Amino acid sequence: MNERFDPSQADERWQRAWDERECFRADDASSKPRSYVLEMFPYPSGRIHIGHVRNYTMGDVLARYKRMKGFEVLHPMGWDAFGMPAENAAMEKGVHPGSWTRENIANMKAQLKRLGFALDWSRELATCDADYYGQEQALFLDLYEAGLVYRKESAVNWDPVDQTVLANEQVIDGRGWRSGALVEKRKLSQWFLKITDFAEELLDGLGTLDDWPEKVRLMQENWIGKSQGMQFAFTLSNGEKLEVYTTRPDTIFGASFVAVAADHPVAQAVAENSAEAQSFVETCRAGGTTAAELETAEKLGFDTGLTARHPFTGEDLPVYIANFVLMDYGTGAIMAVPGHDQRDFDFAAKYGLPILRVVAASAEDAGKPFEGEAEAGDGICVNSDFIDGMSVAEAKAAVIARAEREGWGEGKTQYRLRDWGVSRQRYWGTPIPFIHCDGCGVVPVPKEQLPVELPEDVDFSTPGNPLLRHATWKHVDCPKCGKPATRETDTLDTFVDSSWYFLRFASQPDDKPFDREEIARWLPVEQYIGGIEHAILHLLYARFWTRALKRIGKLDVAEPFASLFTQGMVTHETYRRAGTNEPAAMDGEGDFDSDNEPASKWLSPEEVEKRADGVFEKATGLPVEVGRVVKMSKSKKNVVDPDQIVATYGADAIRWFMLSDSPPERDLPWSEAGIEGCGRFVQRLWRIFSQFDAAAQGEDKALDRKRDQTVAAVAVDIEALSFNKAVARIYELASAIEKAEPSASRSAAIRALLLVVAPMMPHLAEEAWATIGRGLVADAAWPQVDAALLVEDEVTIAVQVKGKLRDTLTVAKGTAKEELEALALASDKVQRALDGAEVKKVIVVPDRLVNLVA
RNA sequence: GCGGACGUGGCGGAAUGGUAGACGCAGCGGACUUAAAAUCCGCUUGGGCAUCCCAGUGCGGGUUCGAGUCCCGCCGUCCGCACCA
């Protein structure tokens, strides 16, 4: 063996060997137990960033480990290839989104290969392939036939300059993020998926996802937002009915006014006859949408002059248009109970409306005044006629029962979850396979005509969706009547693409989206790994698609991802020239720089030099302030390039760094010193492997034990994704081997060390295995352990006096209580600590400790 | 405001209610070398600077023979949601 391990030639050689042997190709016909390991596929932005490296390294270690354990592993990779950045590039650089995307894919694939990931590239897919999106169109039509797809008018953020719809996060202070134009609310006919049909199922399903982070399940639960209450109708003074929804029917006797949203038909009707009302409604609509504005937003209302008759008291309650009532939740109208709801309280205080107490701690407190705020808590009902004295829960049931009996209201369950709008007025996405015909209406494209392919010749020189103004593409004959008609020019939200890619990985026939039997063999994904930023949308949509496809008989799985792991970010120190303050816009989230604070004040790690007397800018020698450790981002220049790290230290070193030290769910601080340490450890292992001697004789029982304990512990740690702990174990075994004298045991330990390191540092492992083992280590089995060796025969026991450690004893495992007690009392240190005091009580935990209580 | 997570050496972090600080990084001392790099050995929570003793896991209480771990109350940091009736 050479003196040093040289990744610059070894890495590529082994990567080629794995490719040529198709080591990581998953065999659909295999009789082995199966394991589907999946990481969230990347958007092809052009370059892999360090977060990808962390994500994919974790999955790779697990996939390689599972292979060694005898599983048939499916570990695929693909590209979430549709989306806006490609169109932005087209507008800025004049490149076609397709060629831009494919070039990026090629670059990133090469980068992934250089990291040595054990991926089945034969199943690679890009969502912009017509093969893929054509099948997606077929699924979309299936869902349409099943009634799970519909069209409705919906308000969107419309950028009048760019002629496009903006997502909420693209609207900054009411202006388009790109054009800076004031964004308008526009009503467009949009496609929707009926995710609300699955609200209850998706909520229930969370209960089965034991191996998902509690945090993610909670976020989804909140997002679905189930609430139970009562919907009922007030009769208005104009004779109309006004439906309201409340979760607190128990407080109905405390209702002192009624409020409707600005967009509510009642408000609209009032506005038609009143300029004042009209202007108030417009103020509400213009109301800011940013978090800060909402927080400080004053409760505002407009008295319509109408009244609503209270169903029990017959009292006439004033009806207001209120800015805090939302049209798209419940019925867009509420009964307001100021005493027991803070918003209603604020409103009532402002407009001098009665604040009534109908819930109190006890009957004696029925007259207790409010102390400046609403009381939303539990208690018993007071001042409430027939429900007086009931608990809140009892009263809810009683009021609902009475309303239902009398026929003016009913118990109702509400969800915060809304249907999923999937229309995007863009080019670079999956065309929605429908045709608009003047005679026949909206007609699905016949399946045999799929895929509806995107036209290649598109023009991005003017704003707006190029599909809309394409000369020929949208003009087709109606499939039903044959008359001239037009294609739908909207494309699908890219979250649709990522809602089923894990199915297509497992099965990709030419003639249908996937084969049901093959899916049943691979799914659910055993371990899914990705960023927490997808906790809600992607993961909820994927769960929804899976359930929807199951409902229409395409699938047999309910939940796509059995176990989910959300990894932390990779962070780095920030550097900036001394004296340049952090701009206001950088506070909080803002990833953009404000106008008066140039981005150039941030320095990249390469631009600074760390010396004993501080940190300085290399070019100028000026002092540098070391800022907070934050997520790597281009704007703060605290990024490192994975390619450069690989070029300098090799793939195994960066992989090892990704796994070391920090628990995988937490943030990982990148440091130059850290990666250097990893590079040194690669060489240290190489030296250890070089010392393997098949002919060595002799037994080293302690090392044998350490070896098998390490193998067993690393297996447990990898399965729990506790890579940092596995890494620590490996360091320990490496040290033990270095300290040991040559022996057959030592050689066996070296061999075992190589094998447990192999999933983490596959290139180094292959290079060493070439002389130590047979074949490729990628095909080797995880080492067997001798269960008898795992158990220590000697244990060190703590001896405490009054709970304080005074001595330790090394004894045979299983030593009797009485003997331990005697040994403890015989200790000089113990006697000194006792100082003649009488031992009143002795606690002995066998193999652990003796505690003498004086 | 609501919900959640987390506070352990200079840093990242280990610790089924049972020897706190494993392992790594950084630092210090030494060996090797003409020298450096690399490598190897040792030390590294604070204090008294002695085999040893005292204190110590954000702060204050509590349960327990024994608490980083369990309970109660604070403080701080981070994340998510946000007028959802």
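Keep in mind that what you see is a predicted model, and the values were worked out from it rather than measured. Just so it is clear: chains get the letters A, B, ... in the order the sequence lines come, proteins before strands, and each one is counted from 1.
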Contact class for [X] (heavy atom, under 4.0 Å): base, sugar-phosphate, or nothing?
X	value
A:Arg729	nothing
A:Ser671	nothing
A:Val325	base
A:Lys725	sugar-phosphate
A:Leu218	sugar-phosphate
A:Arg666	sugar-phosphate
A:Glu732	sugar-phosphate
A:Asn724	sugar-phosphate
A:Arg418	base

Can you measure [X] atom [atom1] to [N] atom [atom2] for me and round it to whole angstrom units?
X	N	atom1	atom2	value
A:Gln800	B:C65	CD	P	13 Å
A:Ile675	B:G24	CD1	P	17 Å
A:Lys215	B:C6	NZ	C1'	10 Å

Quick check: any donor-acceptor pair below 3.5 Å linking the side-chain of A:Arg848 to the base of B:U16? yes
Would you mind telling me which of A:Asp250, A:Thr251, A:Thr246 makes a side chain to side chain donor-acceptor pair (under 3.5 Å) with A:Arg248? A:Asp250
What is the glycosidic conformation of B:G9: syn, defined as within 90° of 0, or anti? syn
A:Tyr541 vs A:Ile195 side-chain heavy atoms within contact, under 4.5 Å: yes
If the threshold is 4.0 Å, N to carboxylate O, is there a salt bridge linking A:Arg729 and A:Glu732? no
